[in-house]
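Okay, structure first, notes after.
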Amino acid sequence: MKAAVLFEAKQPLEIHDIRIDKPGPREVLVRTVACGVCRSDLHFVDGAYPHAMPTVPGHEAAGVVEAVGSDVTRLKPGDHVITFFTVFCGSCEFCVSGRPSLCIDNSTRRPADAAPKLTLGDGTPVNHFLNLSAFAEQMLIHENACVSISKDMPLDRAALLGCAVMTGAGSIFRDSKVTPGETVAVIGCGGIGLAAINAAKIAGAGKIIAIDPVAEKRALARKMGATHDLDAMAPDLVKQVLKLTNGGVDYAIEAVGRPQTAETAWHVLRRGGTATILGMIAPGQSVSIPGPTFLSGKKLQGSLAGSMQFPIDLPRLVQMYLDGLLDLDTMVAERIKLEDINHAFDNLRKGDAVRSVIEFA
């Protein structure tokens with residue numbers, strides 16, 4: 001199969017024919033139909049986060065099950081699925097307490113002495129990326145790294161649910177539990193931020209403030225449901241939010257991954273408000289919060305994949321799209337071929353694009 005291989009950080013990905021193994025116990029082989037190009041991938045491609053090389057990146061995908069291994073009970077060939085990088089075991093403390101995104105049980109991985117899932121033509125093993133390696137024509141994954149969905153759902157839109165949308169929507173529905181009339185500020189209007197804005201609209205938030213330095217992204221945020229938008233570079237940004245909301249927002253969602261934006265999320269909160277940090281702040285960087293401000297009852301929390309309960313929440317998001325509530329169409333900036341992957345990453349580096357979606361033949 002064809003795949004985009006990363007041999008070294010800060011270097012372009014290369015398109016190669018690589019080999020993929022047959023499904024083992026509890027594994028499924030998925031034909032990739034579409035895959036979003038996510039900023040999280042860029043963190044690894046550009047070396048901000050380390051990863052063993054060579055590897056095939058990609059983690060926001062949807063496709064069709066082609067084959068299943070032994071002991072697979074929930075899936076069958078022909079099923080349409082959304083994949084997700086936070087594979088869960090289903091039986092550890094995190095899973096049974098409703099927090100599958102935090103599962104790190106090793107039982108979902110192949111034994112160390114098993115054959116590699118992916119290899120180059122000369123037999124060199126290719127390291128699996130975030131349990132998926134989705135920049136490829138096929139994915140070999142654990143059955144708990146995907147969920148079956150309605151075949152009415154277009155798979156090029158379904159792919160976005162596998163990372164950006166479930167993370168942004170989850171920050172509203174699961175992490176924040178926004179109720180009608182409450183106020184929300186979203187910092188960063190990329191894929192995750194736009195999904196949070198759209199989810200806040202669905203949840204009935206009273207004021208939804210989109211904060212981004214790029215005017216075009218703020219315009220998209222308005223289309224997705226923002227009631228107000230502010231320039232992230234404004235020197236009096238925090239004061240503007242406090243004035244607009246009579247003291248601060250109930251919930252702030254940070255979808256950038258920088259210490260400064262995480263700190264802004266804290267400062268725009270009202271007393272008792274909650275800031276959720278979704279962005280991947282690079283190793284070695286820290287967030288600084290003034291000590292006395294903790295006396296205001298504010299809360300600062302992290303989140304992985306929007307704290308989603310995947311088998312429950314992803315089919316619900318699919319239905320929201322089919323019902324016309326969830327706007328995925330606006331998020332797609334362009335549809336590209338696998339060979340255009342480096343172009344998509346260049347767009348991400350510029351910071352003015354939303355989502356490039358790879359479509360496989």
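Starting from 1, each residue takes its place in the sequence as its number.
Clustering of Ile, Leu, Val, Met, Phe, Trp and Tyr by side-chain heavy atoms under 4.5 Å joins Phe94 with Leu102.
Side-chain contact between Phe7 and His16 is present, with heavy atoms from C-beta onward closer than 4.5 Å. Between Asp41 and Phe135 there is a side-chain heavy-atom pair separated by less than 4.5 Å. Using a 4.5 Å heavy-atom cutoff, the side chains of Thr86 and Pro100 are not in contact. Residues Glu27 and Lys117 have side chains in contact (heavy-atom distance under 4.5 Å, counting atoms from C-beta outward). Between Leu328 and Met153 the shortest side-chain heavy-atom distance falls below 4.5 Å. Two residues are said to be in side-chain contact when any heavy atoms from C-beta on lie closer than 4.5 Å; Thr83 and Asn131 fail this criterion. Using a 4.5 Å cut-off on side-chain heavy atoms (C-beta onward), Lys76 and Val65 make no contact. When side chains are defined from C-beta on, Glu8 does not count as touching Met53, because their heavy atoms never get closer than 4.5 Å.
Looking only at distances, no side-chain donor or acceptor of Lys298 sits under 3.5 Å from a matching main-chain atom of Thr293. Under the 3.5 Å distance criterion, the side-chain polar atoms of Thr276 are left unmatched by any main-chain donor or acceptor of Gln301. Listed for the Asn198 side chain is no donor-acceptor partner under 3.5 Å among the backbone atoms of Leu194. The backbone N or O of Asp329 sits nowhere less than 3.5 Å from a side-chain atom of Arg157 that would complete a donor-acceptor pair. A donor-acceptor contact shorter than 3.5 Å links the side chain of Ser176 to the backbone of Ser171. A distance-only check finds a donor-acceptor pair linking the side chain of Asn127 to the backbone of Pro54 [under 3.5 Å]. With hydrogens and angles disregarded, a donor-acceptor distance shorter than 3.5 Å links the side chain of Asn342 to the backbone of Leu13. Without hydrogens or angle criteria, Glu254 side chain to Gly257 main chain gives a donor-acceptor distance under 3.5 Å. Panel note: side chain Arg110, backbone Ala115; a donor-acceptor pair is recorded below 3.5 Å. The backbone N or O of Ala48 sits nowhere less than 3.5 Å from a side-chain atom of Asp46 that would complete a donor-acceptor pair.
Hydrophobic clustering of Ile, Leu, Val, Met, Phe, Trp and Tyr side chains at less than 4.5 Å, counting indirect connections, unites Leu325 with Ile149. Cluster membership for Leu317 and Ile312, using ILVMFWY side-chain heavy atoms within less than 4.5 angstrom, is not shared. Each of Val178 and Ile277 belongs to its own hydrophobic cluster when Ile, Leu, Val, Met, Phe, Trp and Tyr are linked at side-chain heavy-atom distances under 4.5 angstrom. Using a 4.5 Å cut-off between side-chain heavy atoms of Ile, Leu, Val, Met, Phe, Trp and Tyr, with links allowed through other members, Val81 and Val165 fall into the same hydrophobic cluster. Tracing side-chain contacts under 4.5 Å through hydrophobic residues (I, L, V, M, F, W, Y), one reaches Ile209 starting from Val256; they form part of the same cluster.
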Using the rule given for side chain to side chain contact (heavy atoms under 4.5 Å, CB included), can you reason through Met224 versus Met331, listing the C-alpha separation, both sets of side-chain angles and the distance that settles it, and then say yes or no?
CA-CA 9 Å; Met224 298 285 282; Met331 294 178 60; 3.7 Å; yes
Would you check, one step at a time, whether the test side chain to side chain contact (heavy atoms under 4.5 Å, CB included) holds for Ser356 with Phe345?
CA-CA 9 Å; Ser356 299; Phe345 280 125; over 6 Å; no
Let me see the working for Met166 and Leu161 under side chain to side chain contact (heavy atoms under 4.5 Å, CB included), right down to the final yes or no.
CA-CA 5 Å; Met166 74 172 176; Leu161 299 177; 5.5 Å; no
Run the side chain to side chain contact (heavy atoms under 4.5 Å, CB included) test on Ser40 and Tyr49 for me, step by step, so that the C-alpha distance in whole Å, both residues' side-chain angles and the decisive distance to 0.1 Å come before the verdict.
CA-CA 9 Å; Ser40 298; Tyr49 277 75; over 6 Å; no
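At a threshold of 4.0 Å, the pair Glu339-Lys2 does not count as salt-bridged, since none of the basic side-chain nitrogens sits closer than that to a carboxylate oxygen. Taking the charged nitrogens against the carboxylate oxygens, Lys201 and Asp327 have no contact shorter than 4.0 Å, which rules out a salt bridge. Between Lys337 and Asp340 there is no salt bridge, since no side-chain nitrogen of the basic residue lies less than 4.0 Å from a carboxylate oxygen of the acidic one. Using a 4.0 Å cut-off between charged nitrogen and carboxylate oxygen, Lys243 and Asp236 do not count as a salt-bridge pair. Between Glu143 and Arg26, at least one side-chain N (NZ, or NE/NH1/NH2) sits under 4.0 Å from a carboxylate O, which counts as a salt bridge.
Annotation for Ala196 and Ile172: closest pair O-CG1, 3.4 Å, computed over non-hydrogen atoms. Heavy-atom minimum distance, Ala3 versus Ile18: CB-CD1, 3.6 Å. Closest approach of Leu230 and Arg218 over heavy atoms only: O-CD, 3.2 Å. In plain terms, the two heavy atoms of Ser288 and Glu263 that are nearest each other are N-OE2, 2.9 Å. Taking all atoms of both residues into account, the shortest heavy-atom contact from Arg271 to Leu295 is NH2-O, 4.4 Å. Across every non-hydrogen atom of Thr119 and Pro116, the tightest pair is CG2-CG, 3.5 Å.
Residues that satisfy the ring pair (Phe, Tyr, Trp, His ring centres under 6.0 Å) test with Phe129, not counting sequence neighbours, are Phe44, His51.
Once rounded to the nearest 0.5 Å, the distance linking OG1 of Thr32 with CD of Glu359 reads 13.0 Å. Taking CG of Leu237 as the start and CD1 of Ile187 as the end, the distance is 7.0 Å to the nearest 0.5 Å. Atom OG1 in Thr167 sits 12.0 Å away from atom CZ in Phe84 (nearest 0.5 Å). Taking SG of Cys38 as the start and CG of Leu130 as the end, the distance is 9.5 Å to the nearest 0.5 Å. The distance from atom CD1 of Ile341 to atom CG of Asp346, rounded to the nearest 0.5 Å, is 10.5 Å. Note that CG of Leu140 and CG of Leu118 are 7.0 Å apart. Values are rounded to the nearest 0.5 Å.
Between the side chains of Arg270 and Asn246, no donor-acceptor pair of N or O atoms lies under 3.5 Å. Between the side chains of His343 and Glu334, at least one donor N or O lies within less than 3.5 Å of an accepting N or O. Inspection of the Asp175 and Ser303 side chains reveals an N or O donor paired with an N or O acceptor under 3.5 Å.
In this structure, His59 and Phe85 have perpendicular ring planes: the angle between them is above 60°, well past the 30° mark.
Each of Asp229, Val186, Ile253, Val241 was evaluated against Ile211; a single residue qualifies, Val241, per the side chain to side chain contact (heavy atoms under 4.5 Å, CB included) test.
When the shell of 6.0 Å around CZ of Arg222 is examined, it contains more than 12 heavy atoms from other residues, nucleotides or ligands. The 12-atom threshold is not exceeded at CD1 of Ile104, counting heavy atoms of other residues, nucleotides or ligands nearer than 6.0 Å.
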